[in-house]
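One structure, as structure tokens, below. Some questions next.
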Protein chains: 2
Amino acid sequence: MSSLPISARSIPFPTSTRKGSVGTVPISPWDSLYFAGCPDLIGTPFSYAREEEIYGEAEEAEFVYKLLDGAVRTHKILSDGRRQITGFHLPGELLGFEQQDRHRHAAEALTDTRMLIFRRRQIERMAACNATVACQLWSLTARRLRDAQDHMLLLGRGSAMERLVAFLIDLDLRLGATGTFVLPMSRRDIADYLGLTIETVSRLMTQLEVDGALLRCSGRQLSLHRTHLDRLIAF
Amino acid sequence: MSSLPISARSIPFPTSTRKGSVGTVPISPWDSLYFAGCPDLIGTPFSYAREEEIYGEAEEAEFVYKLLDGAVRTHKILSDGRRQITGFHLPGELLGFEQQDRHRHAAEALTDTRMLIFRRRQIERMAACNATVACQLWSLTARRLRDAQDHMLLLGRGSAMERLVAFLIDLDLRLGATGTFVLPMSRRDIADYLGLTIETVSRLMTQLEVDGALLRCSGRQLSLHRTHLDRLIAF
DNA sequence: CGGCGGCCTTGATTTAAGTCAAATCCAATA
DNA sequence: TATTGGATTTGACTTAAATCAAGGCCGCCG
């Protein structure tokens, strides 16, 4: 359970034998070392390489992660290999927060990433006696629930094009709403997030470019035409 | 905002002019008048008729509801009429819990229902200064998030048959796992929950019966063959 | 009891997206 | 710079589920 960091294969502490490693972390406004504004909780900087697993499904939820930079995907897999990506996580966002002892999904780094890690037990202990912290945690979970419900609507009732467009717009917003960004994930990841195939995603991408709704430099580097894209969805 | 119950169209209090009405409520183990085990929060019994709206999307989230009996659906609607049912709620479950001032979806009674209603502000006030209550609320939201993520997997990667079978099994479990129950919702509701059409749901239902995976007495009265059904899904 | 109207089922046909199969692009590295 | 292997695109074809269109069932009320 709360064994020392050395033992479990999943543990991303400096003492671990895993690929991840500590790096220097420049602190910008949003990436305070504190968790939920609580000065008693100080995170430990840590980093993961591209495609490295952060934690596995059903693995013990020992840590909570606050993403400093890079990008992470979380997913669930069925026995026959079908995969559903449940979310992408960008800098400033929280990761690995479970209320139970085991993770409900796996998490992997999409790109090289840096994070702060916190012990879940410690945070829970803090929440148990500090209503402000507990409310903030509740808030975070509520936010995720809302996102999940929006995504349900998209998956259940959106056409392939609507799913892709909504995804691109959402990603742009979360990356700063500049209209220009580099996709941190592969077509496969996008397809598995949207419940589509890579071929469909690829075809739609091409069609959007042909229609002038976006510009592609090299595969993953995009410039969106918001006004044009907005017209394509009802979401 | 926190005006008296009389004013707003949405208010389901005894003094309201709406269809809903107070009834006597027999208290069984799970339906304590308390909220989150907190004796300071006493709910007011109230009831809704079949198909009656409990609250609308984007309406102010003034109340929280604890279902005593009956069944409720929550949904989101797009401008063009497409609807996604985000969840069905059965006795003992909580409803209308938002962290924001407005509801994210609409709620309607599937059958005649009885509930307890609580003022959201009061509960929030309680949570703000009582860590135990806050943690319980967090727990509830986390549970819903997990359900939502499971449903995402189903919507994103499940075939029509897998969606229906998973739905039937889940419903049976939540209704007491007897294997025999009456569907409280129409085919349209099921279809809108599973991201399918009513015709597809109907055809699959027939096929399940032909295959001996379930028995139908009259449309909505079902008996499931769990072992047979379990073989049809990977979820 | 009979008819009305909303569900539900069934059948025929269409279509959006999936599958299978090849090219191409492109980035890492030798 | 040349090589190589994964990622992406594109094309041809298939299919699961949607759509369109009748019918049948059933509960309710006159």
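Keep in mind that the numbers below use all heavy atoms, side chains included, and drop hydrogens, waters and symmetry copies. In what follows, every chain begins at residue 1, and chains take the letters A, B, ... in the order their sequences are listed.
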Among B:R174, B:R143, B:R144, salt bridge (Lys or Arg N to Asp or Glu O under 4.0 Å) partner for B:E93: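 It is B:R174; the other options fail the test.
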Atom-to-atom span, CG of A:D192 to C1' of D:dA7 - whole angstrom: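 Atom-to-atom, A:D192 to D:dA7, this comes out as 14 Å.
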Residues in side-chain hydrogen bond (donor to acceptor under 3.5 Å, both in side chains) contact with B:R120, at least two apart in sequence or another chain: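 side-chain hydrogen bond (donor to acceptor under 3.5 Å, both in side chains) list for B:R120, sorted by chain: B:D101, B:E124.
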Per-nucleotide protein contact string for nucleotides 8-25 of chain D, where B marks a base within reach and S marks sugar-phosphate only (heavy atoms under 4.0 Å, - for neither): SBBBB----SSBB-----
Distance in angstrom units between B:Q221 CD and D:dG27 P, rounded: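 Computing the B:Q221:CD to D:dG27:P distance gives 12 Å.
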Lys/Arg-Asp/Glu bridge criterion (N-O < 4.0 Å) met for B:D150, A:K76: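 The answer is yes: the pair qualifies as a salt bridge.
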Between A:R203 and A:Q207, a side-chain donor and acceptor under 3.5 Å: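 A:R203 vs A:Q207: no donor-acceptor pair found between side chains.
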A:L183 CG to C:dC26 C1', straight-line distance once rounded to whole Å: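 Computing the A:L183:CG to C:dC26:C1' distance gives 16 Å.
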Partner residues of B:H151 under the ring-ring contact (aromatic ring centres under 6.0 Å, His included) criterion, sequence neighbours left out: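 Here the qualifying residues are B:Y193.
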Euclidean distance, atom CG of residue A:L194 to atom C1' of C:dA17 [Å, nearest integer]: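 The distance from CG of A:L194 to C1' of C:dA17 comes to 13 Å, rounded to the nearest Å.
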Ring centres under 6.0 angstrom apart (B:F63, B:Y55):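 Aromatic pair excluded; centres sit 6.0 Å or further apart.
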Atom pair distance, as rounded to whole Å: CG in B:L164 and P in C:dT9: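 For the pair B:L164 CG and C:dT9 P, the rounded distance is 11 Å.
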